[in-house]
Amino acid sequence: MTHDNLKAIAALVPQGSRVLDLGCGDGALLAHLQQHKGCTGYGVELDDTNVHACVKRGVNVLQLNLDLGLSVFADQSFDVVLQIDTLQHLRNAETMLRETARVGKTGIVAFPNFGHWPNRLSILQGRMPVTKRLPYQWYDTPNIRVGTFKDFEVLAEKNGLQVTEAFGLQDGQRVDTWPNLMAGTAVFKFQHS
């Protein structure tokens, strides 16, 4: 995640929140939230290298497989649950989205927007997209799901989630006009209705 994208997502998290960061990677976002917004909480990560990076940053991290769910956390035990570049890697994406809404008062997700115009152009040319945001060939991608800004809106409604803020990010800039077409990253803030 670029520094500008990190700042744009961090701006959605209220000062002093208790945060759970699912698929926290190296802990950069949670460390930023701790240092600049007085947040507390935990990261959840499976990869050993990333767990060690979190520890070095001073981020509390739990090594858990998200595909097994969040049963270790009580209902509404966090103010904010983050899924930044995580949803597209999960086998049980819809279940994890509902779990995010159960465990947190607010959920924030960000994922590569497959509806972005360069991706559409690649498909029209008969090829799967390879871009800065989707840098892998179709045969070696860690993404097991692809979705668009509009797809998430439908999924949120289907699962009784109220989207309170939605926008795209492109080159570190917020995109509010036609984000499904103009943004490489889709960002949603939501809560259970």
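Remember, it's a predicted structure, so these values are computed and weren't measured experimentally. FYI, the numbering just counts along the sequence from 1.
With sequence neighbours excluded, the residues forming a side chain to side chain contact (heavy atoms under 4.5 Å, CB included) with Asp67 are Asn65, Leu90, Arg91, Asn92, listed by chain and number. The side chain to side chain donor-acceptor pair (under 3.5 Å) test applied to Gln170 returns His116, not counting sequence neighbours. With sequence neighbours left out, Asp171 forms a salt bridge (Lys or Arg N to Asp or Glu O under 4.0 Å) with Lys132. Qualifying side chain to side chain donor-acceptor pair (under 3.5 Å) partners for Gln63, counting only residues two or more places apart in sequence or in other chains: Asp48. Residues that satisfy the ring pair (Phe, Tyr, Trp, His ring centres under 6.0 Å) test with His36, not counting sequence neighbours, are His32. Every side chain to side chain donor-acceptor pair (under 3.5 Å) that Glu165 has, sequence neighbours left out, goes to Arg174. Not counting sequence neighbours, Lys56 has no partner by the side chain to side chain donor-acceptor pair (under 3.5 Å) test.
Applying the side chain to side chain donor-acceptor pair (under 3.5 Å) rule to pairs touching residues 146-161 yields Glu94-Lys158, Glu94-Asn159, Arg98-Asn159, Thr148-Asp151, sequence neighbours excluded. Note on residues 179-191: no pairs pass salt bridge (Lys or Arg N to Asp or Glu O under 4.0 Å), not counting sequence neighbours.
When side chains are defined from C-beta on, Leu33 does not count as touching Thr40, because their heavy atoms never get closer than 4.5 Å. Ile84 places a side-chain heavy atom less than 4.5 Å from the side chain of Leu29. At least one side-chain heavy atom of Val59 sits under 4.5 Å from a side-chain heavy atom of Gln34. Side-chain contact between Leu22 and Thr100: present, with at least one pair of heavy atoms (C-beta onward) separated by less than 4.5 Å. Residues Trp117 and Trp178 have side chains not in contact (no heavy-atom distance under 4.5 Å, counting atoms from C-beta outward).
Both Val80 and Phe167 are part of a single hydrophobic cluster, where members link through side-chain heavy atoms under 4.5 Å apart. Note: the hydrophobic cluster containing Val81 also contains Leu64 (ILVMFWY, side chain heavy atoms under 4.5 Å, direct or indirect links). When hydrophobic clusters are built by joining Ile, Leu, Val, Met, Phe, Trp and Tyr residues whose side-chain heavy atoms come closer than 4.5 Å, directly or via intermediates, Val44 is grouped together with Met96. One hydrophobic cluster, built from ILVMFWY side chains closer than 4.5 Å, cannot hold both Tyr42 and Val19; they sit in different ones. Hydrophobic cluster membership is shared by Leu121 and Leu181, with clusters built from Ile, Leu, Val, Met, Phe, Trp and Tyr side chains linked at under 4.5 angstrom.
The distance from the CG atom of Asp26 to the CG atom of Asp47 is 10.5 Å, given to the nearest 0.5 Å. Atom-to-atom distance recorded for Leu68:CG and Leu46:CG is 9.0 Å, nearest 0.5 angstrom. Atom CG of Asp21 sits about 12.0 Å away from atom CG of Asn60, to the nearest 0.5 Å. The distance from atom SG of Cys24 to atom CG of Asp85, rounded to the nearest 0.5 Å, is 12.5 Å.
Annotation for Gln173: atom CD does not count as buried by contact number, only 12 or fewer foreign heavy atoms lying within 6.0 Å.
Between Cys54 and Gly25, the shortest heavy-atom contact is SG-O, 3.3 Å. Nearest heavy atoms, Ala101 versus Leu161: CB-CD2, 3.5 Å. Between Gln191 and Thr164, the shortest heavy-atom contact is CD-CG2, 4.0 Å.
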Indicate every side-chain donor-acceptor pair of residues 123-131 with a distance under 3.5 Å to a residue at least two apart or in another chain.
{"unit_1": "Thr131", "atom_1": "OG1", "unit_2": "Arg133", "atom_2": "N", "d": "3.3"}
{"unit_1": "Thr131", "atom_1": "OG1", "unit_2": "Leu134", "atom_2": "N", "d": "3.0"}

For residues 6-18, which side-chain donor-acceptor pairs fall under 3.5 Å, sequence neighbours excluded?
{"unit_1": "Gln15", "atom_1": "NE2", "unit_2": "Lys37", "atom_2": "O", "d": "2.9"}
{"unit_1": "Ser17", "atom_1": "OG", "unit_2": "Pro14", "atom_2": "O", "d": "2.7"}
{"unit_1": "Arg18", "atom_1": "NE", "unit_2": "Ser77", "atom_2": "O", "d": "3.4"}

Using a 3.5 Å cut-off and no angle test, enumerate the donor-acceptor pairs between side-chain atoms of residues 102-114 and protein atoms at least two apart in sequence or in another chain.
{"unit_1": "Arg102", "atom_1": "NE", "unit_2": "Glu99", "atom_2": "OE2", "d": "2.8"}
{"unit_1": "Arg102", "atom_1": "NH1", "unit_2": "Phe73", "atom_2": "O", "d": "3.0"}
{"unit_1": "Arg102", "atom_1": "NH1", "unit_2": "Asp75", "atom_2": "OD1", "d": "2.7"}
{"unit_1": "Arg102", "atom_1": "NH2", "unit_2": "Leu70", "atom_2": "O", "d": "3.0"}
{"unit_1": "Arg102", "atom_1": "NH2", "unit_2": "Phe73", "atom_2": "O", "d": "3.2"}
{"unit_1": "Arg102", "atom_1": "NH2", "unit_2": "Glu99", "atom_2": "OE1", "d": "2.9"}
{"unit_1": "Lys105", "atom_1": "NZ", "unit_2": "Asp79", "atom_2": "OD1", "d": "3.4"}
{"unit_1": "Asn113", "atom_1": "OD1", "unit_2": "Gly115", "atom_2": "N", "d": "3.0"}
{"unit_1": "Asn113", "atom_1": "OD1", "unit_2": "Phe149", "atom_2": "N", "d": "3.0"}
{"unit_1": "Asn113", "atom_1": "ND2", "unit_2": "Pro179", "atom_2": "O", "d": "3.2"}
{"unit_1": "Asn113", "atom_1": "ND2", "unit_2": "Asn180", "atom_2": "O", "d": "2.9"}
{"unit_1": "Asn113", "atom_1": "ND2", "unit_2": "Ala183", "atom_2": "O", "d": "2.9"}

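In this structure, the side chain of Glu45 does not engage the main chain of Val51 through any donor-acceptor pair within 3.5 Å.
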